[in-house]
Amino acid sequence: MVEFRNVNKWFGKLHVLKDIDLRIERGEVVVVCGPSGSGKSTLIRCVNGLEAIQSGEIAVDGKRLSDPGLDLRALRAETGFVFQQFNLYPHLSAMENIVLAPMKVRRLSREAAEKRAAELLARVGIPDKADAFPANLSGGQQQRVAIARALAMQPKIMLFDEPTSALDPEMIGEVLDTMTDLARDGMTMIVVTHEMGFARRVASRVVFMDEGRIVEDTKPEAFFAAPQSERAQQFLSKILTR
Amino acid sequence: MDFGVIERNWNFLLVQGLIGLGNFAGGTLRLAVPAMLLGFLLGLFVGLGRLAKSRWISTPATVYVELFRGVPLVMVIFWFWFILPRALGVALPEYGVALAAFVIFEGAYLGEIVRAGIQSVPRGQVEAAASTGLGTAQTMRSVVLPQALRNMIPALVTQFIVLFKDTSLASIIGYLDLTKAAQIVNNREIRPFELYLFIAVVYWLCAYGMSRYAGYLEKRLATA
Ligand SMILES: Nc1ncnc2c1ncn2[C@@H]1O[C@H](COP(=O)(O)OP(=O)(O)OP(=O)(O)O)[C@@H](O)[C@H]1O
Ligand SMILES: [Mg+2]
């Protein structure tokens with residue numbers, strides 16, 4: 001579903017992704033973790049072309065991102081992205097946030113788009129918030145609207161960049177539950193998160209990054225029981241004793 | 001002190017001078033309102049142009065802004081009044097000259113306000129829109145501009161008030177606006193104190209009205 005082959009990326013002189021090789025199959029849930037600045041966000045932002053790479057190859061659903069004939073908009077329409085800061089449109093209601101892209105990009109009628117949006121709001125557990133504006137929603141509710149907004153495009157894969165890091169502790173659970181349901185339904189997901197409980201329960205693989213490299217790529221059981229690298233051991237002991 | 005002069009010339013001052021209805025092709029509002037609308041439209045293109053990725057668009061937009069921001073408005077009005085008819089070989093009416101001068105002069109300032117407004121919208125908004133497959137133009141129209149406009153309101157209204165008051169400069173080429181109307185009446189009746197106090201109050205009331213309306217608009221959009 002997603003394939004990185006020998007990918008390198010620089011921000012100016014800063015080498016942020018180093019020789020990344022990664023394959024993610026349909027239906028897999030891959031959790032990416034690692035210390036701050038290790039390149040996790042950059043990694044998943046490359047998948048839908050929010051960041052460009054300087055060498056190597058990325059393919060999503062068989063389409064190479066470097067292909068000059070690639071329809072990047074179509075690829076992004078099929079790739080849901082959920083941001084740490086939600087990035088809901090503050091001038092639009094929850095409903096309008098969700099129906100915008102289906103109507104503009106997929107040319108759905110308002111009726112059809114709103115019907116789908118209502119179903120999605122029910123699915124993420126806030127059916128009564130359709131008319132609320134982002135400013136009047138809690139962080140957890142906003143993030144669930146953001147997930148519904150991404151799902152409204154019926155993506156083949158969902159990317160999450162620390163979706164719970166900006167949330168108060170009591171709201172983290174509701175967002176993780178929504179993501180767990182999504183995984184159970186067979187969605188392919190790449191999730192950057194430090195929620196190790198989620199990784200343990202839901203992930204098919206855990207990828208650990210450090211200084212721009214993938215240091216470990218294993219089953220969660222193996223990762224938590226016996227991390228191979230010293231960096232991963234340090235990282236885990238820090239995060240689990242927090 | 002004789003405010004009868006106002007009463008006697010009420011129609012000439014307000015209906016002709018302020019609004020622009022009458023025998024003469026003048027009027028402060030008839031100049032200011034289209035100048036604001038057209039100037040804003042031009043500013044929208046200039047602001048977007050300055051942010052364009054292509055240098056062929058952004059450089060001319062930048063040159064235009066720097067050029068017209070760096071010269072006095074009176075100068076621009078004079079250029080248009082003396083040079084443009086000669087260059088084109090036709091006589092131009094005061095109204096056309098004044099409107100063109102204001103639109104082109106204000107377009108530079110309004111373009112900068114538009115640019116700042118667009119840049120005030122967080123990058124994450126554009127990224128969110130792009131991630132759902134929206135194109136650049138769709139993102140601009142449905143996501144960025146609505147938010148940018150709201151952020152622009154205070155600066156925009158300040159500029160509109162400046163423009164509104166600056167239309168009094170059009171009287172130097174003989175355009176019959178409120179200031180010119182007061183001058184004409186004064187030449188006849190020699191009541192400068194009453195007349196210029198009166199038009200000051202009229203200018204102030206209009207400007208204050210605009211500022212109040214902007215405050216209301218900002219509040220209304222803030223809850224949405
Ligand atoms: N737009 C940018 N321009 C320049 N440098 C950047 C940019 N974005 C990220 N970086 C740098 O690239 C490195 C990797 O950043 P990235 O955001 O991918 O890390 P991360 O693993 O997601 O960290 P965090 O856990 O803090 O979110 C960091 O050193 C960061 O400062
Ligand atoms: Mg990050």
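Just so you know, these numbers come straight off a predicted model, no measurement behind them. In what follows, every chain begins at residue 1, and chains take the letters A, B, ... in the order their sequences are listed.
No more than 12 heavy-atom neighbours from other residues, nucleotides or ligands sit within 6.0 angstrom of OH on B:Y208. Around the CZ atom of A:F11, the shell of radius 6.0 Å holds more than 12 heavy atoms that belong to other residues, nucleotides or ligands. For A:Q54, the CD atom is densely surrounded, since the number of other residues' heavy atoms within 6.0 Å is greater than 12. Crowding of B:K165 atom NZ: a count of heavy atoms from other residues, nucleotides or ligands under 6.0 Å not exceeding 12.
In terms of heavy-atom pairs under 4.5 Å with chain A, the best-connected choice from B:A129, B:A128, B:G133, B:P122 is B:G133. Of the residues considered (A:T79, A:L88, A:L159), A:L88 shows the highest number of contacts with chain B, using heavy-atom pairs under 4.5 Å.
A donor-acceptor pair under 3.5 Å links the side-chain atoms of A:N87 to the main chain of B:G124, judged by distance alone.
Both the backbone and the side chain of B:E127 come within less than 4.5 Å of a heavy atom of chain A. In this structure, no portion of A:R106 lies under 4.5 Å from any heavy atom of chain B.
Atoms NZ and CG, on A:K104 and B:L134 in that order, are 8.0 Å from each other to the nearest 0.5 Å. Here B:T132 contributes atom OG1 and A:E78 contributes atom CD; the two are 13.0 Å apart, rounded to the nearest 0.5 Å. The line from NE2 of A:H91 to CD of B:Q125 is 7.5 Å long, rounded to the nearest 0.5 Å.
Residues A:Y89 and B:P146 form no side-chain contact, since every pair of their non-hydrogen atoms from C-beta on lies 4.5 Å or further apart.
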